[in-house]
Every structure is written in structure tokens, then in C-alpha cells.
Amino acid sequence: MLDALGPAGDFILVAAGLLILVFAGDALVRGAVTLSLKLGIAPFIISATVVAFGTSAPELLISVKAAMQDAPGIALGNVVGSNIANVLLVLGVPALIVPIAGCGSEAHRNTIFMLGATVVFSALVLMGNISAIGGLILLAITAAMVFDSIRSGRKNPEAIEDDELEDADPEMPGAKLALLLAGGLIGLPVGAEFLIQGAQGIARDFGVSEAVIGLTIVAIGTSLPELATTVSAAFRNQADVAIGNVVGSNLFNITAVIGVAALVSPLDVPGEIIGRDIWVMVAATAVLAPFIFLCWSISRLTGGIFLGAYFLYIFAAYGGQVAA
């Protein structure tokens, strides 16, 4: 039926896929955290594992599905584009509302992991193919980070943010818990399938590469929950947590998401990602690091510069396709 609508049908598929992913991802995280509390798992372990992995579930499902359907441009573009958007867009917008900052020993530790993972991931990308061995290397970094987070949480259990577990209810009825888990587990692959089909259709309709669609439409879509959260936090004068969320999200994207996708199917890296996008991601990561290590605040001016840089990047991504 949607085929008869042409390009409009593809955009409907993308919108429907994103909507399903947002609600299914939220349901899965809430259900998994509640189940973990019911089982008596310590909150700091839940924060380092269930919450961290659960919030990356949409990106993971998209990249795995794309790898299975021989669409490495979407699988890699989703991650590279999301990491770029997380720094320049997700931090740029709330900074226009209130200056934001993030520092401290935990932020420093995670940023070191993020920088190391970025170097490893970039090296794999520049090789032109991320094999199963490359995926295992990336997953090993994920495991090291999770182990470090659990060790840190065991020493400082009071450091866990209350808002990470605020939607959990240990007294939740079993039927509601089962419904949340089922909705998340069923909705995520369905939403990912809709999104990938729509993204591939848009690429065909407008003559642009799947990588560009992954880097822009898919990446922005999967970053919308983070953007909504940081903007809401900015209005509550709590935007300082945004930088920590971005670091964690970016780290999981390039290690866990790509690691699992590469195990499912080796990922051939599109030329435009090697020639342009990976360097933009590295630059965005490098720009963010001193703000964390030196405890600099991202001012309104800096936020405006971030947004300007992001719009220039989007223009370059599509402009390059037109020129080609």
C-alpha cells in the first residue's frame, strides 16, 4: 500500500519506524530495570549494564538489521552520524538555553575510554572493512568499560543518578512488566525494519547513497530522544548531565553497536565515510574532550558554533551527493 505513495510512503515508514523505536526502547529499558530491581541486582550494576545497553537498543537493532540486509552504509552511517549529532546537535541546542558542563572523575574516565575507542574504531574504518575480529576488539572495549563502571559503582554506590532508575517500580505487577518487556522486544525489530526499508527507499527515490541517509535522517532520528532529554534538562537547569549521557552514548555506539553488527556480518565501509564523515566524527570527539578534562562550560556562543558546524556538515553531505 505504501509503495503506491512513492517517496511519501518511504518517509512514512521512516517516521513510523522511529516512533516505534522510541516507545519500544523506552518500554524495554523500564521493564528491564524493574525486572533487575525485582531480582535484587544492585542499582550501580543496573546503571552500568541494563540502562547503558538498553538506551542504545534502537541503534543496535538498526545497525544489526542493516548488516543482515547488506546495507553497511546505513549500519555505519547510523553510528557515525549519531556520534556527530550527539556532540554538535544534542549539546548545541541545550547550550543555547543554559550553559552546560560536565567534569569529575567518572566523566574523565569515560572520556578516556571514548577517545581510545574512537581511535580504534577510526583505524578499523580506514582499513575499509570491519570484520568479525574487529567487532570482537570493539566489544572487548565495551566489556572493559562496563567492568570499570561496575567497579566504580561498587566503591561509590551513591553516585548513581536517581533519574537513571526513576521510571522503575519494584512493585510493578507481573502482567504490566511482561507487557513492557514484550513490547520492547517485539517493537524494536519491527521499528528497525520499517526504518531501514524507508531509508533505503529514500536513497533510491532521491539518488543519494544509503550512507548519507544513515548519516543524516537515521542518525538524527535516533538522536532525538537524547535531544529531547537534554533540552528538558536544560529548562530544569540540570543540563550538566547531558555531557555524560553523550559520552556514554557515543562510546556504546562505536563499540557495542558496531561490534555486534560486525559479528553478524562484516561491514564494508562506504567511500564517503572514509573520505569525510569519520574525520568529522573524530574532530567532534576531539573538540568535546577539553570541555570535560578542563571543566569548561559550553556557553551559548559555543552552542551556536556547534549548531552552525552541524548544519554545514549536513549541507556538505548532501552537497557532495549532488556534485557527484
Side-chain angles (χ1 to χ4, degrees), residues 13-14 17-18 20-22 24-25 28-29 32 49-50 52-83 117-118 120-146 181-182 184-203 209-215 217-219 221-223 248-274 277-278 281:
L13 276 175
V14 168
L18 286 171
I20 293 171
L21 284 169
V22 168
L28 182 63
V29 172
T49 56
V50 177
F53 280 102
T55 52
S56 293
E59 288 90 342
L60 176 61
L61 263 292
I62 289 171
S63 289
V64 168
K65 278 271 188 180
M68 293 172 63
Q69 296 180 13
D70 195 27
I74 294 177
L76 286 163
N78 169 43
V79 164
V80 174
S82 288
N83 281 23
T118 298
V120 173
F121 174 67
S122 300
L124 293 172
V125 166
L126 294 177
M127 291 171 64
N129 177 275
I130 302 180
S131 65
I133 294 176
L136 288 173
I137 293 172
L138 293 173
L139 287 173
I141 298 174
T142 304
M145 185 204 67
V146 169
L181 291 172
L185 292 172
I186 295 172
L188 283 171
V190 170
E193 180 68 22
F194 283 1
L195 182 59
I196 291 169
Q197 285 189 14
Q200 289 178 318
I202 291 171
S209 70
E210 291 180 355
V212 167
I213 297 299
L215 287 157
I217 295 175
V218 176
T222 55
S223 293
S249 176
N250 283 10
L251 182 52
F252 267 85
N253 280 347
I254 58 178
T255 58
V257 173
I258 293 299
V260 172
L263 288 182
V264 171
S265 177
L267 301 172
D268 290 324
V269 184
E272 58 259 54
I273 290 181
I274 295 176
D277 306 298
I278 190 63
M281 190 198 82

Q: Cut-off 3.5 Å, side chains only: do Gln69 and Gln197 have a donor facing an acceptor?
A: no
Q: If you count every heavy atom of other residues, nucleotides or ligands that lies below 6.0 Å from Ile133 atom CD1, does the total exceed 12?
A: no
Q: In Å, rounded to the nearest 0.5 Å, how long is the span from CE of Met281 to CG of Leu215?
A: 11.0 Å
Q: About how many Å separate CD1 of Ile274 and OG of Ser122, when rounded to the nearest 0.5 Å?
A: 11.5 Å
Q: Report yes if the side chains of Leu263 and Leu139 come closer than 4.5 Å at any heavy-atom pair, otherwise no.
A: yes
Q: Any idea which heavy atoms bring Ala219 and Gly77 closest together, and the distance?
A: CB-O, 4.2 Å
Q: Say whether Glu59 and Ser82, considering side chains only, have a donor N or O and an acceptor N or O under 3.5 Å apart.
A: no
Q: Where is the tightest heavy-atom contact between Ser131 and Ala262, given as atom of each residue plus distance?
A: O-CB, 3.6 Å
Q: Short question: side chain of Ser63, backbone of Leu60 - any donor-acceptor pair under 3.5 Å?
A: no
Q: May I have the list of side-chain donor-acceptor pairs in residues 252-261 shorter than 3.5 Å, sequence neighbours left out?
A:
from	atom 1	to	atom 2	distance (Å)
Asn253	ND2	Asn83	OD1	3.0
Asn253	ND2	Ser249	O	3.4
Thr255	OG1	Thr142	OG1	2.8
Thr255	OG1	Leu251	O	2.6

Q: Step by step, would you call Leu195 with Leu18 a side-chain contact (heavy atoms from CB on, under 4.5 Å)?
A: CA-CA 7 Å; Leu195 182 59; Leu18 286 171; 4.0 Å; yes
Q: What closest approach, in Å, do Ala203 and Ile213 show between heavy atoms, and which atom pair accounts for it?
A: CB-CG1, 3.9 Å
Q: For a quick test of reading the model, state the closest non-hydrogen atom pair linking Val14 to Gly198 and the distance between them.
A: CG2-C, 3.6 Å
Q: Of all heavy-atom pairs between Ile130 and Phe121, which one has the smallest distance, and what is that distance?
A: CD1-CE1, 3.9 Å
Q: Kindly indicate whether the side chain of Lys65, heavy atoms from C-beta on, has any atom under 4.5 Å from the side chain of Pro189.
A: yes
Q: To the nearest 0.5 Å, what is the distance between CD1 (Ile186) and CG (Leu181)?
A: 10.5 Å
Q: Could you give me the CA-CA distance, side-chain angles and deciding distance for Asp277 and Leu76, then say whether side-chain contact (heavy atoms from CB on, under 4.5 Å) is met?
A: CA-CA 10 Å; Asp277 306 298; Leu76 286 163; over 6 Å; no
Q: For Asn129 and Val269: C-alpha separation, side-chain torsions, deciding distance, then whether side-chain contact (heavy atoms from CB on, under 4.5 Å) applies.
A: CA-CA 6 Å; Asn129 177 275; Val269 184; 5.7 Å; no
Q: In Å and rounded to the nearest 0.5 Å, what is the CG to CD1 distance from Leu124 to Ile278?
A: 9.5 Å
Q: Can you tell me how far apart CG (Asp70) and CG (Leu267) are? Round to the nearest 0.5 Å.
A: 10.0 Å
Q: Apply the test side-chain contact (heavy atoms from CB on, under 4.5 Å) to residues Leu21 and Phe194: give CA-CA distance (whole Å), side-chain angles for both, the deciding distance (0.1 Å), then the verdict.
A: CA-CA 10 Å; Leu21 284 169; Phe194 283 1; over 6 Å; no
Q: Of all heavy-atom pairs between Gly187 and Ile20, which one has the smallest distance, and what is that distance?
A: O-CG2, 3.2 Å
